[in-house]
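Accompanying notes for the structure given below.
Order of the sequence lines sets the chain letters (A, B, ...), proteins ahead of strands, with each chain counted from 1.
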Amino acid sequence: MAEPKENVLMEKITSLCKRRGFIFQSSEIYGGIQGFWDYGPLGAELKRNVKELWWSTMTRMRDDVVGLEATIIMHPAIWRASGHVDTFSDPMCDCLLTKKRFRADQVEPQTGTVIWFSGADAGDSPAADGIPTVGDVVAEAAKQGHFDDSGGAPERLLKSKEPMLSGSDQPFAVLLPKGKPDETAIKLAKQFYSSRGVSNPNPRFEKKEFVENSQRFNPENGSLLTPPVPFNLMFKTYVGPTATEADVAYLRPETAQAIFAQFKNVHETSRQKVPFGVAQMGKAFRNEVTPRNYTFRSREFEQMELEFFIKPDEAVEAVTGAVATPASKGHPGEPQPNWGWQLWHQYWVEERIKFYEGIGLPRTTLEEYWQKPEELAHYARACVDILFKFPFGTQELEGIAARSDFDLSQHERCSGKAMGIFDEELRTAFGKLPPEKQTALKDRYYAARLKYLTKMGVPAAEAGAAAQEDADGLAKGQYIPHVIEPSAGVDRLILALLANAFTEVTETDAKGKSETRVVMKFHPRVAPIKVAVLPLLKNKPELANKAREIFQSLRGHMMAFHDEAGSIGRRYARQDEAGTPFCVTVDFETFEGVKDGPQAGVKDTVTIRHRDDGKQERIAASELLPWLLARVK
RNA sequence: GCGGGUGUAGCUCAAUGGUAGAGCGCCAGUCUUCCAAACUGGUUACGAGGGUUCGAUUCCCUUCACCCGCUCCA
């Protein structure tokens, strides 16, 4: 539970984000739309920096990862193969009386006598004159004790001034466990029809029946539940001008599946060999039940995902003799040929933490959560969440999952296209193994494949034959790659960076007046504006011109900002709120030469003011660009 | 989806059944030799819709959004 103090902090952050143009509510002029947020000028720069750093770290700076940019709408069969259409869709139903929501398949089965009502007619009006209101009738029903079991009449109904209806034809039913009198059902029915606007209702009895293990009734009060409605988290749309069932497609709920779907193409065109990875950034969409915590859980969000394909451990063992076991916690160093999935997984966890440290989120602000075996998806072998200590609680930034060969196997089965690869090295190595070793590896691979196929409901005989085929394939150098998936949310990371950078500084001036101002302490690599160029005074043309000239020379290399409005102190403060790490000021000494110190007499220098401590240093204007580039790249 | 709270200027907050106000910010100008200086002028708001009323930002209803709790969450 969030502490009040933490809420205050979040409110300060959201307020600053709006005031300075980091984040706006989507469609604000029309009242906003739940779960959608826009990035303003500063937010757009911040996000762009983060994405570019991820892209360059994950692809350009590595030999073994290439990029992909796939469409948001893909063939709907992809989402059936991945399991999203099924797992994102839960049947839900509500209690007709209390409105409580249930997973239809998880309602505790009930046994007893069900009394059905076909509707209710209005009885005598409790009000002396005019048409009674819902509030009047509900108050009367409460007085008679109809609401006692459910903790009193709802406030909303009591306050209602809506006129009561004269009757209702809506069916209602109550399940009575053995021993409960019929009066209980009538009482609940009266309560139900009262809440539907029927004045002093007389429920119409329809029939009585005995049911066993029914999931249609609320276990807490016996009330009938609404029919189950599918609760689908997938955003649906239609491809083409007709909107029929045949045209249904989905906006992707994650970027990863496109990487699996395009695996063969990427593998064949990129001249990469397993182990290698495919990275992708982009928008994803989920109809979240409850978008909450500012941009943390949005319905439209952006992901940065890597699918890093590795050999199955059996193949690693065949080639190198033995799979290396993790020696200790921490970064295992440069990748080695004898790494199995465990070491690759550990490697990526550490690589990703290193990335966060490199953009200004110290390890102390992060937490690692290793999912317990019972929490893992059935196909996952391990999953680590990297959490950040947000003001509203410690929440997930990124998940790094070892997903076995599940995804490629699914697409192979569902598309009918082979997803395996041929590994020359493996074939050669396998042939040289002693026969008992060959058999042992084939048996293990067979067992793993059989487990997968059986789990997915492939008939036993068929599964056995297919697994045998896969095991024989391994001996010939063929396998379906396994995968390690580091999957990060961009918007969550942006929020983490904002929360981490947010710093309040209270200063008391000479007159004793204290003032609190905000400094956004972004790492220079992610800061939206890298440098502000300021003339000390506005009304001195030589200062203004020189500042403009320096600004022009920098802006092609980085996000630079030029400001000459207001006092110099005010302009520094403005940049502090934007999180600009460096302010360059052109002053009189730029022209007249440095007055004193070791640089005395040197002309054409500027001061650099540091955001976090306000300290200044003076450097030659010609040195400015390399000085800045060394710090912001 | 349920329950509670909130909604007034860019931000923070007032007041009111009868022409909506402040501080800060922002813009322009004067001035200003390093940390939100001063002065002058300007800028902008009752979340939306409906009802009651001569008149509603204020009372009522509906709706939307945000916050908290529940629920949900590969």
Integer-rounded Å distance: [N] [atom2] and [X] [atom1]:
{"X": "R299(A)", "N": "C66(B)", "atom1": "CZ", "atom2": "C1'", "result": "14 Å"}
{"X": "L537(A)", "N": "G29(B)", "atom1": "CG", "atom2": "P", "result": "15 Å"}
{"X": "L225(A)", "N": "C2(B)", "atom1": "CG", "atom2": "P", "result": "16 Å"}
{"X": "D576(A)", "N": "A36(B)", "atom1": "CG", "atom2": "C1'", "result": "10 Å"}
{"X": "R574(A)", "N": "G25(B)", "atom1": "CZ", "atom2": "C1'", "result": "10 Å"}
{"X": "K538(A)", "N": "U33(B)", "atom1": "NZ", "atom2": "C1'", "result": "17 Å"}
{"X": "R292(A)", "N": "U71(B)", "atom1": "CZ", "atom2": "P", "result": "12 Å"}
{"X": "L543(A)", "N": "C34(B)", "atom1": "CG", "atom2": "P", "result": "12 Å"}

Protein N or O to nucleotides 7-12 of chain B N or O, pairs below 3.5 Å:
from   : atom 1 : to     : atom 2 : distance (Å)
C11(B) : OP1    : K18(A) : NZ     : 2.9
C11(B) : O3'    : S15(A) : OG     : 3.2

Nearest-0.5 Å distance that lies between atom CD in Q280(A) and atom CD in E254(A): 10.5 Å
Can a donor-acceptor pair be found, under 3.5 Å and without considering hydrogens, that links the side chain of [X] to the backbone of [Y]?
{"X": "Y39(A)", "Y": "E45(A)", "value": "no"}
{"X": "R611(A)", "Y": "G579(A)", "value": "yes"}
{"X": "D405(A)", "Y": "L408(A)", "value": "no"}

Got I494(A) and T295(A) here, is their nearest side-chain heavy-atom distance under 4.5 Å? no
Taking the ring centre of each residue, are [X] and [Y] less than 6.0 Å apart?
{"X": "F285(A)", "Y": "F301(A)", "answer": "no"}
{"X": "F308(A)", "Y": "W348(A)", "answer": "yes"}
{"X": "F309(A)", "Y": "H482(A)", "answer": "no"}
{"X": "F235(A)", "Y": "Y250(A)", "answer": "no"}
{"X": "F390(A)", "Y": "F392(A)", "answer": "yes"}

Heavy atoms from C-beta onward define the side chain here; which of [options] lies closest to that of [X]?
{"X": "R297(A)", "options": "A36(B), U33(B), C73(B)", "answer": "C73(B)"}
{"X": "Q616(A)", "options": "C66(B), A36(B), C35(B)", "answer": "C35(B)"}
{"X": "R609(A)", "options": "C35(B), G1(B), G25(B)", "answer": "C35(B)"}
{"X": "T585(A)", "options": "U32(B), C27(B), C34(B)", "answer": "C34(B)"}

cation_pi(R631(A), W627(A)) dist<6.0 Å, angle<=45: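 Yes, a cation-pi geometry holds between R631(A) and W627(A).
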For [X], which contact category applies under a 4.0 Å heavy-atom criterion: base, sugar-phosphate, or nothing?
{"X": "G35(A)", "result": "sugar-phosphate"}
{"X": "Q25(A)", "result": "sugar-phosphate"}
{"X": "Y30(A)", "result": "nothing"}
{"X": "N293(A)", "result": "sugar-phosphate"}
{"X": "E577(A)", "result": "base"}

Could you please spell out the steps behind the salt bridge (charged side-chain N to carboxylate O under 4.0 Å, His left out) verdict for R618(A) and E623(A)? CA-CA 10 Å; R618(A) 183 169 281 279; E623(A) 286 299 309; over 6 Å; no
Can you tabulate the close N/O pairs, meaning under 3.5 Å, that link protein atoms to atoms of nucleotides 40-47 of chain B?
none

Counting heavy atoms not belonging to H75(A), are there more than 12 under 6.0 Å from its NE2? no
Taking atom CD of E108(A) as the centre, report whether more than 12 heavy atoms of other residues, nucleotides or ligands fall under 6.0 Å from it.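 No, not enclosed.
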It should be established whether N539(A) places a side-chain nitrogen or oxygen under 4.0 Å from OP1 or OP2 of nucleotide U32(B). yes
Distance check: side-chain N/O of R570(A) vs OP1/OP2 of A37(B), anything under 4.0 Å? yes
Are Y452(A) and S404(A) close enough that a side-chain donor and a side-chain acceptor fall under 3.5 Å? no
Donor on one side chain, acceptor on other, T255(A) and E305(A), under 3.5 Å: yes
Of E577(A), E507(A), E504(A), which meets side-chain hydrogen bond (donor to acceptor under 3.5 Å, both in side chains) against R517(A)?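 Only one of E577(A), E507(A), E504(A) forms a side-chain hydrogen bond (donor to acceptor under 3.5 Å, both in side chains) with R517(A), namely E507(A).
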Is the aromatic ring of Y572(A) within stacking range of C34(B), meaning centres under 5.5 angstrom and planes under 30 degrees?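 One would not call Y572(A) stacked on the C34(B) base.
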Where each pair must be Watson-Crick or G-U wobble with both distances under 3.5 Å, what dot-bracket representation of RNA chain B is obtained, with crossing pairs in [ ] and other-strand partners as |? (((((((..((((....[..))))((((((.......))))))...(((((..]....))))))))))))....
What parts of residues 592-608 of chain A reach RNA chain B, counting only heavy atoms under 4.0 Å away?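 Listed by number, they are T607(A).
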Taking only heavy atoms on the protein side, list every residue of residues 561-568 of chain A lying under 4.0 Å from any atom of RNA chain B, sorted numerically. S567(A), I568(A)
Taking only residues two or more places apart in sequence, or in another chain, which ones meet R252(A) in a side-chain hydrogen bond (donor to acceptor under 3.5 Å, both in side chains)? none
